[in-house]
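Step one of this worksheet: look at the structure below.
Note that the coordinates shown come from a computational prediction; the quantities given were computed from them, not determined experimentally. The figures that follow rest on heavy atoms only: side chains count, while hydrogens, waters and symmetry mates do not.
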Amino acid sequence: MSLPQDPPDEAASPVRPAILMALKDAALERPWRPARHEEGDSLDLAARGVHPDVPARLGLHVQRFVGGGFAGQVYQVRLETLEGAIEGLAPGGVYALKILRPPSRFSVAFRDALYALAFQAPFSAEVHSAAIRAGALWQTLLRRGAALEFGRENAVARVLATLFDPELRAFGEVSEWVPGRIWSLEIDDRLPARWRERPQRWAEFRPDVPSPEYLNKRAFMARLVRLFHRMGAHELARQYEWWSLKSQPNALRRLDAGPGPADGLTAIDFRAGLALLPLLPMSPVDVALIWRGFGRGALVQFDRGDLAALEAFVEAHRAHFEDLLPALAALVREDRAYRRAVPDLTRQGVRLFGDRALRADVREGLVSAWQTRGLVDRAHADRLRTATPVFALFVLLGGLPILGPRLRRLWGDPPWRRHVLRCLTSGAYLARTFEVHALETLLKWHEKGRVDDARATRLLLRPGRVWAERILVGWLPRRLHRALVDPAWLWERIREAVLFPVRLYFRPDFREQWLRDQVDAAKAEGMLDPAEEARILASIGDPFIQTYLKCVAVHAATLPVTQVVSVLVALWYVVFRAATWNEGLVVAGVILAVFQGTPISPGSLLRGSYVVYRMIRDRNVRDYWVAGIISFWHYVGYLGFPIQMVARFPGLARFLGGTWATRMAHVVPVFGERGALLEHFVFDAFFNLPLSIGASVRRWRTARRAVRTA
């Protein structure tokens, strides 16, 4: 269920332009570069069509930042102007823009470290035109292969153009925008029947199964994986392996597709983020993938395909691929250039010693990557290309931890060298550098909601306070940081938390508006169809829904009860019972852990007692007994009324239960990401499993009565 959240700070706020202007006007020797684009930004980028390969210039307007992972950052953009002609692009159209550089410094560092271990080079798709082109051409050919497998090309999203973003210093691609949802968390009281299905073996989609959208999506992804292997895209198939636990968001169901559970399923993500090393599996399926890679002679895996297998597949379906034969030839050419631009010691290490042309290509690839990232300027890049001892020393410096990359930048980047020199020789310049660092920190805080517009405006002229706050509390979780430094915000959160259940319980108009907001959110996420939406809105005055909303208010009011009681008991022991301070802290920690882990808590006792009170007051057991049982349990008690509502309002029950499951799953980093498998597992375990047990009990009782009657 959805309780009050922090209102998100507006991306297009008045303070952000002021911070950006201050950063750009800082007049430091090193230029400032953003980590990502923001809503409202205008981009003017040179681009190349994927097939055919034609030049163009794109004027893009950033509508919103969709998100970022290890592979890069994604935006929804509108094409404002187009100089040239690229098939599939038209002014006024909405597209997806992916830049192959993560917005997070940690993500960049972790991704690049793994890639460097695997291939001894910078992340190629970010810095090499051949790498980004090869990936786009692979996707184009796989899209045509999907037409053979599924009867439609749009089972794979279409990539339209590749480009280079000079502001972020990274390559990227423009693809069709796919309006869709990851999946609908379906109500299912036949879990045993679903578990017996083997959708990974299906050759066709099946609508007549429990949880049809879930099972058909799994079948879709399994068929994609088999298709990829037949076409030679062995390592790209990893993006759709079910048991990676986080591959599910890579496939969407188009919202404008037909009513069938498999209609409009579309693969949208073909860019791997993390290299797979033999001793570092990061998901259950990685163990099997590593073993299979050994069979193909691949000690490390990322995005390499078998071009011979692809050519054989295309030849076997030549009439189907006739117009894409130039794209296949371009892929062979670009892939060869890409692979020869990285050392990749596990595959071509021995050849590096005997193949002079390969060594020249690797050197050119490394120098070009360093220049793209701004690590060296053109003059130093030319010197690295011609002076072998200088190149060798530069490579060796990169192997030094921490100090090596800084020495290389001092060597190859004159603006950075001048910046460091002036920091060491000018106190005024050093002070200005600290001010710029404070501005950069303030910009990140504002983007992440650590400060609002008013406070950011005050801190804009107080870099010393930003530094002090950064050192003392800036490393804390976002909400705790803001609570400690912004008492007005903390008071408003406390006030809203107290008033929300009171208003929801006593004010019918507030209850109605809250429910309408939930319905709007469910509709926006594709979790309610128009018929379900109309039914819920027409039933807002239903006494059962009104009672349910009052119970939501009681549940919200009991949220802090267990935490408050556990803290009070722990403090009582420390103050009145503990013989020593150390003993008190240890026992207090145990008390807090016990209260969190107990199946029935003080808060759940209050929730359950209220449901029993409603049962007695309304003299109605039938409409309360499921909620009465579940409400007494810690954590899952909030699902009591959604499960009780399944029979009357299945759409609303599914949305409320799904919202709870999503929040629980997100506690787990990475694998708890939105739309991943853990989210569905939590929904099944705490929502569908009780329904299935209840359905089994009812069937058993019916059968028993039938036997007795006979």
Side-chain angles (χ1 to χ4, degrees), residues 69-72 98-102 107-139 141-142 159 162 170-173 224-225 228-229 231-241 244 246-247 250 267 269-283 285-310 331-332 334-349 351-352 361-362 365-366 368-369 372-373 670:
F70 289 111
K98 184 164 191 173
I99 304 297
L100 276 294
R101 182 173 179 81
S107 296
V108 170
F110 185 68
R111 179 201 69 172
D112 289 358
L114 288 185
Y115 195 87
L117 284 173
F119 301 104
Q120 306 79 53
F123 191 81
S124 293
E126 179 187 329
V127 296
H128 284 305
S129 173
I132 194 76
R133 298 287 301 173
L137 289 163
W138 261 113
Q139 186 170 339
L141 292 162
L142 290 169
V159 58
T162 61
F171 282 93
E173 61 191 16
L224 270 180
V225 169
F228 287 7
H229 283 298
M231 295 184 69
H234 304 298
E235 295 178 13
L236 290 178
R238 180 184 172 207
Q239 291 292 96
Y240 294 93
E241 289 283 358
S244 71
K246 47 191 173 63
S247 58
N250 294 342
D269 192 352
F270 289 78
R271 294 291 179 179
L274 299 178
L276 181 57
L277 302 175
L279 299 179
L280 193 61
M282 286 172 281
S283 71
V285 77
D286 284 352
V287 177
L289 295 181
I290 289 169
W291 185 253
R292 292 176 202 163
F294 288 160
R296 299 194 307 270
L299 294 179
V300 297
Q301 299 180 57
F302 186 62
D303 64 352
R304 182 183 289 271
D306 184 340
L307 293 178
L310 176 62
L331 172 59
V332 172
E334 298 286 6
D335 189 78
R336 182 178 185 275
Y338 166 23
R339 305 302 167 186
R340 291 176 67 89
V342 297
D344 194 3
L345 296 178
T346 63
R347 282 186 177 266
Q348 55 192 28
R351 290 177 54 209
L352 283 170
D361 287 344
V362 168
L366 291 175
S368 175
T372 299
R373 280 194 168 175
V670 182

Looking only at heavy atoms, the pair that brings V342 and S124 closest together is CG1-OG, 3.3 Å
Notebook entry, point to check: Side chain of Q348, backbone of P343: donor and acceptor closer than 3.5 Å?
Noted result: yes
| M282 side chain reached by L114 side chain, heavy atoms, under 4.5 Å | yes
Going by atom types only, do R296 and Q301 share a side-chain donor-acceptor pair under 3.5 Å?
yes
In this structure, CD of E235 is separated from CZ of R292 (nearest 0.5 Å) by 12.5 Å
Review point. Going through the distances and angles, do D303 and Q239 end up as a side chain to side chain contact (heavy atoms under 4.5 Å, CB included)?
Key: CA-CA 10 Å; D303 64 352; Q239 291 292 96; over 6 Å; no
Between D361 and R340, the two heavy atoms sitting closest are OD2-NE, 2.6 Å
Item checked: Electrostatic pair R238:D286 at N-O distance under 4.0 angstrom -> yes
Tell me whether the rings of F302 and Y115 are parallel (<30°), tilted (30 to 60°) or perpendicular (>60°).
perpendicular
Per side-chain hydrogen bond (donor to acceptor under 3.5 Å, both in side chains), D344 is matched among R304, R339, R351 by R304
Note: L276 and P281 closest approach over all heavy atoms is CD1-CA, 4.3 Å
Aromatic ring centroids of F70 and F123 under 6.0 Å?
-> no
The reported gap from CG in L236 to CZ in R271 (rounded to nearest 0.5 angstrom) is 9.0 Å
message = Between S247 and E241 (side chain of the first, backbone of the second, donor and acceptor by atom type, cut-off under 3.5 Å), is there such a pair?
response = yes
Notebook entry, point to check: Taking H128 for the side chain and Y338 for the main chain, is one N or O donor matched with an acceptor at less than 3.5 Å?
Noted result: no
### Task
Using modelled atom types only, decide if a donor and an acceptor are shared between the side chain of Q120 and the backbone of L345 within a distance under 3.5 Å.
yes
Between A71 and R111, the two heavy atoms sitting closest are O-NH1, 3.9 Å
So CZ of R133 and CG of D335: to nearest 0.5 Å the spacing works out to 13.5 Å
Go through it in stages, so that I can follow the logic: the residues are F119 and V300, the test is side chain to side chain contact (heavy atoms under 4.5 Å, CB included), and I'd like the CA-CA distance, side-chain angles, deciding distance and then a yes or no.
CA-CA 8 Å; F119 301 104; V300 297; 3.9 Å; yes
Walk me through it: do V159 and K98 pass the test side chain to side chain contact (heavy atoms under 4.5 Å, CB included)?
CA-CA 10 Å; V159 58; K98 184 164 191 173; over 6 Å; no
Quick one: are W138 and L307 in side-chain contact, heavy atoms under 4.5 Å?
yes
Do L310 and L331 come within less than 4.5 Å of each other through their side chains, counting heavy atoms only?
yes
Shortest non-hydrogen pair, A118 vs L277, comes out as CB-CD2, 3.6 Å
Using the rule given for side chain to side chain contact (heavy atoms under 4.5 Å, CB included), can you reason through F171 versus L100, listing the C-alpha separation, both sets of side-chain angles and the distance that settles it, and then say yes or no? CA-CA 6 Å; F171 282 93; L100 276 294; 5.6 Å; no
Heavy-atom closest pair (P102 atom, G69 atom, distance to 0.1 Å) is CB-O, 3.3 Å
Self-check item: Sub-4.5 Å side-chain heavy-atom contact between R373 and D112
Solution: yes
